[in-house]
Each structure stands twice: as C-alpha cells, then as structure tokens.
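See below for the structure under consideration.
These numbers come from the heavy atoms of this one structure, side chains and all, not from hydrogens, waters or symmetry mates. Residue numbers begin at 1 in each chain, while the letters A, B, ... track the order of the sequences.
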2 protein chains.
Amino acid sequence: MITLTEENYIKAIYHLGKQGSNNVSTNAIAKEMETKASSVTDMVKKLSEKGYADYKKYQGVNLTGKGRQVAIGIVRKHRLWEVFLVEKLSFSWDEVHEVAEQLEHIKSEKLIRQLDAFLNFPTHDPHGDPIPDEMGEIKKVEKILLSEVAIGEQCICVGVNDSSSEFLKYLDNNNIALGTAFVILHKEPFDNSVSIKIESKEFIISNMIANNLFVKLS
Amino acid sequence: MITLTEENYIKAIYHLGKQGSNNVSTNAIAKEMETKASSVTDMVKKLSEKGYADYKKYQGVNLTGKGRQVAIGIVRKHRLWEVFLVEKLSFSWDEVHEVAEQLEHIKSEKLIRQLDAFLNFPTHDPHGDPIPDEMGEIKKVEKILLSEVAIGEQCICVGVNDSSSEFLKYLDNNNIALGTAFVILHKEPFDNSVSIKIESKEFIISNMIANNLFVKLS
DNA sequence: AATGATTTTTAGATTAATCTAAAAATATAT
DNA sequence: ATATATTTTTAGATTAATCTAAAAATCATT
Ligand SMILES: [Mn+2]
Ligand SMILES: [Mn+2]
Ligand SMILES: [Mn+2]
Ligand SMILES: [Mn+2]
C-alpha cells in the first residue's frame with residue numbers, strides 16, 4: 001500500500017531526476033515539495049525501505065524500477081485527466097494543473113484505462129507533454145526551445161517549458177497556442193529578444209518567453 | 001479546511017441521520033465506518049468544535065446546517081461521478097461505488113459544475129438515488145418497496161435499497177434494471193416471496209429481494 | 001590541508017487519526 | 001429499585017507526516 005504523500009515524493013524525485021541525470025538531492029526535493037529537508041530525509045528513508053528508491057546517506061536518491069513505474073503511472077494519470085478537463089469539461093490549459101494534482105491519486109486501473117479510451121488514446125496533454133501509454137512507454141517528443149531556432153526558420157509550437165498559470169495566460173493573450181506557426185525574423189543580440197511572425201503579424205518576444213516555448217521545425 | 005476523514009464522518013452521520021430522524025449514536029457511526037467507538041467519540045468532538053455537528057456526551061450527534069451542507073455536497077459529487085462512470089466510461093452499476101468514494105473528495109467547484117453540465121444535469125444516479133442540485137436541493141422521489149405493492153398492480157423499478165455489488169449482479173443476471181416494469185401476480189404468505197411478471201415472463205423473488213427494490217406504481 | 005559555508009541528518013516535539021483497555025454513564029430486566 | 005448488560009467516554013499508546021534546532025558530513029576556497 002502506498003500513501004498519497006509517498007506518491008507525491010516519488011513523482012517529485014522522478015521529475016527532478018529527469019533534469020540532471022545524477023542523484024536527486026534532499027534540498028532539491030524539499031524545494032520542489034515546499035517542505036523541510038529534514039522531512040525529506042525521513043521520507044526517502046521510508047521510500048528506500050519500501051523499495052521505491054535507492055538512498056545512501058548524504059548521497060541523494062534515485063528511483064528504483066519499481067519507483068519509476070509508480071511515477072510514470074502517476075504522470076500518466078495526471079496528463080490524461082488534464083486532457084479530460086480541457087477537452088470534455090471546457091477548462092483552459094492554465095486551470096487544469098491543480099485539479100489534476102488531486103485526480104492523479106485516484107486508484108482504479110479500470111478508471112484510467114476507460115478514460116484513456118474515452119479520450120481516444122491521446123498522446124500529449126494540453127501543455128504538449130507526452131502521455132505514457134499503459135505499458136509505461138513514453139514517446140520521446142523531439143522539440144527545441146524557440147530561442148534556439150535559427151533566423152529564417154519556420155516552426156510550430158508543440159509545448160511549454162513553464163506551465164505556470166501566468167505564462168499560459170500570457171500566451172492566451174497573445175494568441176499563441178499549441179499548433180501556432182512561427183517564422184523567426186530576427187534575434188536581437190543585446191537582450192536576446194526574438195522577432196517572430198505569426199500569420200503575417202509581427203511580434204517581439206523576450207528571451208524569457210522564447211526560452212519557455214518548445215517548437216518543432218516545419 | 002476540512003480533511004478527507006472529516007468528510008467521511010460527516011457523510012456517515014448524514015446517511016444515518018436520514019433513517020431514524022433522532023440523534024446518531026456513536027456505535028452506529030463506528031459500524032458504518034468500520035472503526036472503533038472510541039475513534040468516533042474523538043472525531044465527533046472535533047466536528048462539533050469545528051461547527052459541523054452538535055454533540056452532547058452520551059447523547060449522540062446531529063449535523064448542523066453547515067455540516068449538512070458539506071454532506072450534501074459530497075453526496076452530489078459521489079452521485080455525479082457515478083453517472084459519469086456509467087454513462088461515459090462504460091462502468092456497470094455494481095462497479096462505480098468504490099471509485100466514487102475516492103472521487104467525491106476532489107475539491108474543485110468548477111470541476112463539479114462542468115461535470116454536471118457535461119452529463120446534462122442528471123437528476124438520479126445509476127442506482128436511482130437523487131442528485132442534489134448546485135443549491136443543495138434534493139428532489140424527493142416517491143418510491144415504495146416492491147414488497148409493499150398490492151397484488152395485481154403494475155409498477156416500474158426506480159431504485160435499489162441495497163446497492164452492494166452482489167445484489168446488483170443478481171439483478172443483472174435476472175434482467176432487472178432501472179425502468180424494468182413488473183406486474184405483481186401473487187404474494188406467498190408463508191415466506192413472503194412475490195410472484196412477478198416481467199414482459200410476459202413469470203418469476204418468483206424472495207422477500208429479501210422484494211425488500212430491496214424500489215418501484216413506483218404505473 | 002585547513003577553514004568556513006552549505007547541505008544533510010539526527011533528536012525531540014507536534015498534530016491527526018487510530019487503537020486497546022478500563023472507567024463511567026445509560027438502558028434493560030427482574 | 002437494584003443488578004446486569006450495553007453503550008459511550010477516557011486514558012494512554014501507536015503510526016504517519018511534519019516541524020525546529022542542533023550535530024555531522026560534505027563541498028568550496030584559499
Ligand atoms: Mn500539470
Ligand atoms: Mn500538463
Ligand atoms: Mn455509491
Ligand atoms: Mn449510487
């Protein structure tokens with residue numbers, strides 16, 4: 001039996017472990033989970049005892065196969081629910097995360113299998129993140145940051161790096177969504193801002209924005 | 001802030017309070033929640049302090065207006081989710097309860113409002129129980145037990161009294177569902193069994209079955 | 001390699017929810 | 001009305017998850 005809290009720690013370790021591929025530090029987990037390092041130490045010991053993680057004092061943690069499986073299951077549920085909320089219940093992409101954080105802990109194999117079918121086996125969530133399939137397989141999406149695209153290239157928005165409500169609302173206000181096509185007109189060396197064209201309209205976006213938009217070349 | 005456990009106690013008090021209209025006893029709650037009476041005593045004290053219940057030592061508990069509001073909100077969510085599972089995710093009526101027990105605790109006003117709309121504002125759940133509306137209003141359904149219908153009367157199944165998986169499966173096996181029309185042919189005084197006709201087919205059902213089927217005369 | 005800064009762990013408390021066993025109150029039956 | 005049975009409450013422990021403050025280990029810098 002696995003508790004909701006354990007699930008959240010496992011998910012945090014999973015997400016942090018994907019960035020840097022080395023061991024995940026106690027402090028990093030504490031920051032991610034908005035808790036204290038001492039609480040993290042206690043929990044990673046427990047996760048280790050239960051076989052979800054490998055942990056050695058002062059060396060950080062890593063998920064075991066079993067732990068990774070749990071993490072991917074939670075991510076799958078989270079993203080499927082996000083699709084449900086947007087596609088079926090008219091949520092906007094900046095409103096789904098909080099609710100999905102709760103729904104991802106509902107335990108029922110059948111529920112998630114049927115939800116998947118009901119949604120027509122979506123491959124990506126509303127933010128462009130891939131949805132693991134029933135076997136835990138994750139289709140690697142090849143995407144690059146908009147800030148890395150060369151001048152003159154055409155590309156299509158396929159995801160966001162930051163999915164905070166604030167950023168997503170900014171994108172809404174500027175008519176940028178998944179599927180939006182850009183042409184890179186100019187890159188300003190001074191502040192690294194980028195001039196882009198969307199449907200014949202020209203824009204200038206800051207480096208910060210360009211660093212949080214994933215695109216694929218087209 | 002209200003915890004999941006508090007919600008479950010409030011729901012139990014609500015359901016028990018509807019049967020006998022007097023105070024709900026500690027033991028009754030303990031039985032319903034599969035816990036010990038001493039745990040119940042602690043919790044009803046807490047609920048009382050938080051303003052969800054009125055409690056006097058040795059006298060049992062009652063929900064306050066605030067507590068009843070919470071209870072009805074949970075019942076609404078539970079039943080809406082049951083409709084969702086049956087109508088959209090092809091669950092059968094004997095499979096939904098366990099999952100709805102989890103889903104009823106998800107906190108999001110918008111979620112439940114949108115779910116309600118998505119399901120076309122259903123008035124009853126898959127077991128014939130009424131779904132409270134957004135204001136907490138519950139349409140009183142007039143229904144009687146099949147065992148109380150007089151010989152010769154025609155009636156339609158509108159609900160179940162026992163919604164255990166075993167009973168619901170029995171009904172499935174015997175082609176009895178919400179909407180099924182019966183005619184009462186005979187009531188056997190010896191064992192209180194009832195002879196009924198469903199679409200020209202004759203059946204004998206035990207008193208126990210007849211006591212767990214709600215019908216309305218037609 | 002020593003020192004100082006940072007990170008991590010330990011020790012000890014706290015809160016929520018539960019339990020067992022014993023005590024107190026209430027209900028029932030003669 | 002008294003004794004007996006049942007119900008309910010209290011007292012004290014336990015488990016999960018958290019925290020603060022102090023100790024220990026590791027890292028970084030000279
Ligand atoms: Mn999310
Ligand atoms: Mn997402
Ligand atoms: Mn139910
Ligand atoms: Mn129901």
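The line from CG of Asp129(B) to NE2 of His124(B) is 8.5 Å long, rounded to the nearest 0.5 Å. Between Tyr9(A) atom OH and Thr3(A) atom OG1 the span is 10.0 Å, to the nearest 0.5 Å.
The pair Glu7(B)-Lys107(B) meets the salt-bridge criterion, since a charged nitrogen lies less than 4.0 angstrom from a carboxylate oxygen.
Under 4.0 angstrom from either OP1 or OP2 of dT18(D) there lies no side-chain N or O belonging to Ser39(A). Put simply, Tyr9(B) has a side-chain N or O that comes within less than 4.0 Å of OP1 or OP2 on dT18(C). In terms of phosphate contacts, Tyr55(B) brings a side-chain nitrogen or oxygen within less than 4.0 Å of OP1 or OP2 of dT9(D). Checking the phosphate oxygens (OP1, OP2) of dC19(C), a side-chain nitrogen or oxygen of Thr35(B) falls inside 4.0 Å. In this model, the phosphate group of dA21(C) is not approached by any side-chain N or O of Ser38(B) to a distance below 4.0 Å at OP1 or OP2. Between Lys45(B) and dT9(D) there is no side-chain polar atom (N or O) within less than 4.0 angstrom of OP1 or OP2.
Here the P atom of nucleotide dT7(C) and the CG atom of Asn22(A) are 15 Å apart, to the nearest Å. Rounded to whole Å, the distance from CD on Gln59(B) to C1' on dA24(C) is 14 Å. Distance Lys36(B) NZ to dA16(C) P: 24 Å, rounded to the nearest Å. Taking atom CD of Glu34(A) as the reference point, atom P of dC19(D) lies 11 Å away to the nearest angstrom. Ile29(B) places its CD1 atom 16 Å from the C1' atom of dT18(C), with the value rounded to the nearest Å. For the pair Ile2(B) CD1 and dT15(C) P, the interatomic distance rounds to 20 Å; values are reported in whole Å. When rounded to the nearest whole Å, the span between NZ of Lys56(A) and C1' of dA25(D) equals 16 Å.
Base engagement by Thr41(B) is indicated by at least one non-hydrogen atom pair under 4.0 Å involving a base atom.
Note: Trp81(B) and Phe84(A) have tilted aromatic rings, judged against thresholds of 30 and 60 degrees for the angle between ring planes.
Nearest nucleotide to the side chain of Asn27(B), out of dT20(C), dT7(D), dT8(C): dT7(D). Listed nucleotides dT8(C), dT18(C), dT9(D) differ in distance to Asp42(B); the shortest reach to its side chain belongs to dT18(C). The side chain of Thr26(A) approaches dT8(C) more closely than any other nucleotide in the set dT18(D), dT8(D), dT8(C). If you check dT18(D), dT18(C), dA25(D) against the side chain of Met43(B), the one that comes closest is dT18(C). When distances are taken from the side chain of Lys57(A) to each of dT26(D), dT9(D), dT9(C), the shortest belongs to dT9(C). Which of dA25(D), dT20(D), dT8(D) sits closest to the side chain of Tyr58(A) comes down to dA25(D).
Figure legend: cation-pi geometry between Lys110(A) and Phe91(B), with NZ or CZ positioned under 6.0 Å from the six-membered ring centre and within 45° of its axis. Both the sub-6.0 Å distance and the 45° axial angle are not jointly satisfied by Lys88(A) relative to the ring of Phe118(B).
Take the nearest nucleotide of DNA chain D for Ser25(B) and for Met33(A): the residue whose nucleotide is more 5' is Ser25(B).
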